[in-house]
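Since the structure comes first, as structure tokens, the remarks are kept for the end.
FYI, side chains are in, hydrogens and waters are out, and symmetry mates aren't considered; it's all heavy atoms of this structure. Counting from 1, the numbers follow the sequence of the chain as shown.
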Amino acid sequence: MPSFRSNCRSSFFCLPVASAVSSALLLGIAGHSSAADIKSVALPPGRSVMAAASATAPVPVPDIGISPFTGLPGRLGPVLAVKIDNVRAARPHTGVEAADLVYVEQVEAGQSRILAVYSSRMPSKIGPVRSARESDLELLRQFGKPLLAYSGSQTALKPLIEKAPVFALPPEAAPEAFTRDPSRFAPHNLYLNPLKAQAAAPESHSAKDIGFRFGPPPPGGTALNTRTVRFPAATFDFTWSGKRHQWMVSMDGEAYRTPAGTAVGTPTVVVQNVDVRPSRFKDRWGSVSPYTKTVGKGTATILRNGRSFKANWSRPNAEAKTTFTTPTGEPMNFAPGQVWILLTAR
């Protein structure tokens, strides 16, 4: 059987073709489109399975294929990034478990905030939504021109957002895409309808290769049960579950759950060591907004399959992919599925 393991440097999915295609047919197409809508199947991993709208549907159906963000079958649809509140009062979050990528970054007073990236699947509701930061603009440039949904920003930051290659979507730009939950207190009660958000920016770019590779783990690594990642005023714990083959997430000492009470886990955790410096912006209370620099290079720790692996990361410029390699320079494969990336200060 042909294998793409020898081509892992150029293909973001490094498992056999037959396995990837059969999974795409069973999981991706069956999960997102009807059989009547599928026109043809492109076999190589990373190539799309072309889909077209049925005769009665005026809107084209997104391509189906192997997601460059998760290594799993799914929609190769437009990229939606949503800034999500992460103080205790904002939890439980809605829709984060459906994200392809979950970035965690430091904000004012040492707290953390989430930037969730969606493409292969869309929940019906995401939130609570909060304000954007300067760091988001640099981070998102590797995605092309995605849609960025956020609650607002300070006035001084607006010119940078307007110039950035994103489709900016605060509530005033698409009020029909946002709702307030009357059962929760402001500002932790703003939620996004992702389908209405995408309708407001139909030209946002679809998912593309951002440098991540998926496949078998490298040899070695260190067996690990729990890894704690600390920000100045926030703590994340990832505990391996052999039963679920995931790292179960805890935040500030509490299990991370959906509103329905389901525990959230992820197969891959990336602890990316980056430069975090003060920016020239402050919040309304005078606290300086930190700037998280995701261009450059540095070290990282990859958690997968119950083990910890040392890695290096590189992103030469804002438009470039972020690549992860082993200490010997080989591609560092992630386990297929959702990826959490914690951007921690060196």
Side-chain angles (χ1 to χ4, degrees), residues 12 27-28 31-32 62 66-86 90-105 112-130 132-133 135-136 139-140 142-144 146-151 166-167 169 177 190-198 201 204-208 210-212 214 229 236 238 244 246-251 256-260 262-272 294 303-304 322 334-343:
F12 56 74
L27 299 178
H32 297 287
I66 304 300
S67 168
F69 301 160
T70 68
L72 291 176
R75 298 166 68 253
L76 299 180
V79 178
L80 168 65
V82 185
K83 203 62 185 287
I84 297 176
D85 198 355
N86 197 36
R91 304 175 199 145
H93 298 138
T94 298
V96 172
E97 74 282 359
D100 293 334
L101 306 173
V102 180
Y103 287 95
V104 182
E105 60 187 2
S112 67
R113 194 160 288 184
I114 288 172
L115 183 68
V117 178
Y118 302 82
S119 174
S120 67
R121 55 181 180 161
M122 290 289 168
S124 60
K125 182 180 178 182
I126 301 171
V129 182
R130 286 303 302 271
R133 294 294 184 273
S135 302
D136 303 328
L139 176 62
L140 290 174
Q142 63 192 314
F143 292 88
L147 175 61
L148 172 61
Y150 57 102
S151 65
V166 297
F167 289 95
L169 197 76
L190 182 66
Y191 290 84
L192 179 76
N193 181 316
L195 295 182
K196 291 183 177 179
Q198 289 186 323
S204 54
H205 290 188
S206 293
K208 67 173 186 175
I210 59 167
F212 294 178
F214 299 89
V229 180
F236 294 78
F238 299 92
R244 290 185 49 167
Q246 291 183 325
W247 299 94
M248 307 311 297
V249 184
S250 295
M251 296 183 182
Y256 184 52
R257 299 182 181 275
T258 67
T262 303
V264 176
T266 179
T268 302
V269 178
V270 178
V271 183
Q272 185 177 347
T294 53
L303 309 182
R304 59 165 299 175
T322 303
F334 299 163
Q338 186 185 70
V339 181
W340 282 56
I341 306 101
L342 293 92
L343 303 171

Smallest heavy-atom separation, I84 atom then A116 atom, equals CD1-CB, 3.9 Å

Check: V229 and V269 side chains under 4.5 Å, non-hydrogen atoms:
no

Between Q272 (side chain only) and T294 (backbone N and O only), is there a donor and an acceptor less than 3.5 Å apart?
no

Over all atoms of both residues, closest heavy-atom pair of P68 and F214:
O-CE1, 3.6 Å

Determine whether a donor-acceptor pair (N or O, by modelled atom type, separation under 3.5 Å) exists between the side chain of R121 and the backbone of R75.
no

Would a 4.5 Å heavy-atom cut-off, applied to side chains only, mark L148 and L115 as touching?
yes

So which atom in F69 and which in V339 form the shortest heavy-atom distance, rounded to 0.1 Å?
O-CG2, 4.0 Å

Would you compute the distance between atom OH of Y256 and atom NE2 of H93 and round it to the nearest 0.5 angstrom?
5.0 Å

In terms of heavy-atom contacts, P336 and G71 come closest through CB-O, 4.2 Å

With a 4.5 Å limit on heavy-atom distance, are the side chains of F143 and L101 in contact?
yes

Counting only N and O atoms by type, is there a donor-acceptor contact under 3.5 Å from the side chain of S119 to the main-chain atoms of G77?
yes

Would you name the heavy atoms of R257 and P92 that are closest together and state the gap between them?
O-CB, 3.4 Å

Hey, could you give me the CH2/CH2 distance between W247 and W340, rounded to the nearest 0.5 Å?
14.5 Å

Donor-acceptor check, side chain of T268 to backbone of A335, threshold 3.5 angstrom: yes or no?
yes

Output for pair (D100 CG, M122 CE), nearest 0.5 Å, gives 8.0 Å

L169 side, atom CG; S151 side, atom OG - distance, nearest 0.5 Å
11.5 Å

Are I341 and T322 packed together at the side-chain level, in the sense that at least one heavy-atom pair is separated by less than 4.5 angstrom?
no

Does NZ belonging to K196 count more than 12 external heavy atoms closer than 6.0 Å?
no

Spacing of Q246 atom CD and L303 atom CG [to the nearest 0.5 Å]:
13.5 Å

If you compare all heavy atoms of A201 against all heavy atoms of F167, which two are closest, and at what distance to 0.1 Å?
CB-CB, 3.9 Å

Looking at Y103 and L139, would you say the former's side chain and the latter's main chain have a donor-acceptor pair under 3.5 Å?
no

For D136, give me all partners under salt bridge (Lys or Arg N to Asp or Glu O under 4.0 Å), at least two apart in sequence or on another chain.
K83

Please check: side-chain N/O of D85 versus main-chain N/O of R130, any donor-acceptor pairing under 3.5 Å?
no

After noting the C-alpha distance and the side-chain angles of F238 and V249, does the key distance pass the side-chain contact (heavy atoms from CB on, under 4.5 Å) rule?
CA-CA 5 Å; F238 299 92; V249 184; 3.9 Å; yes

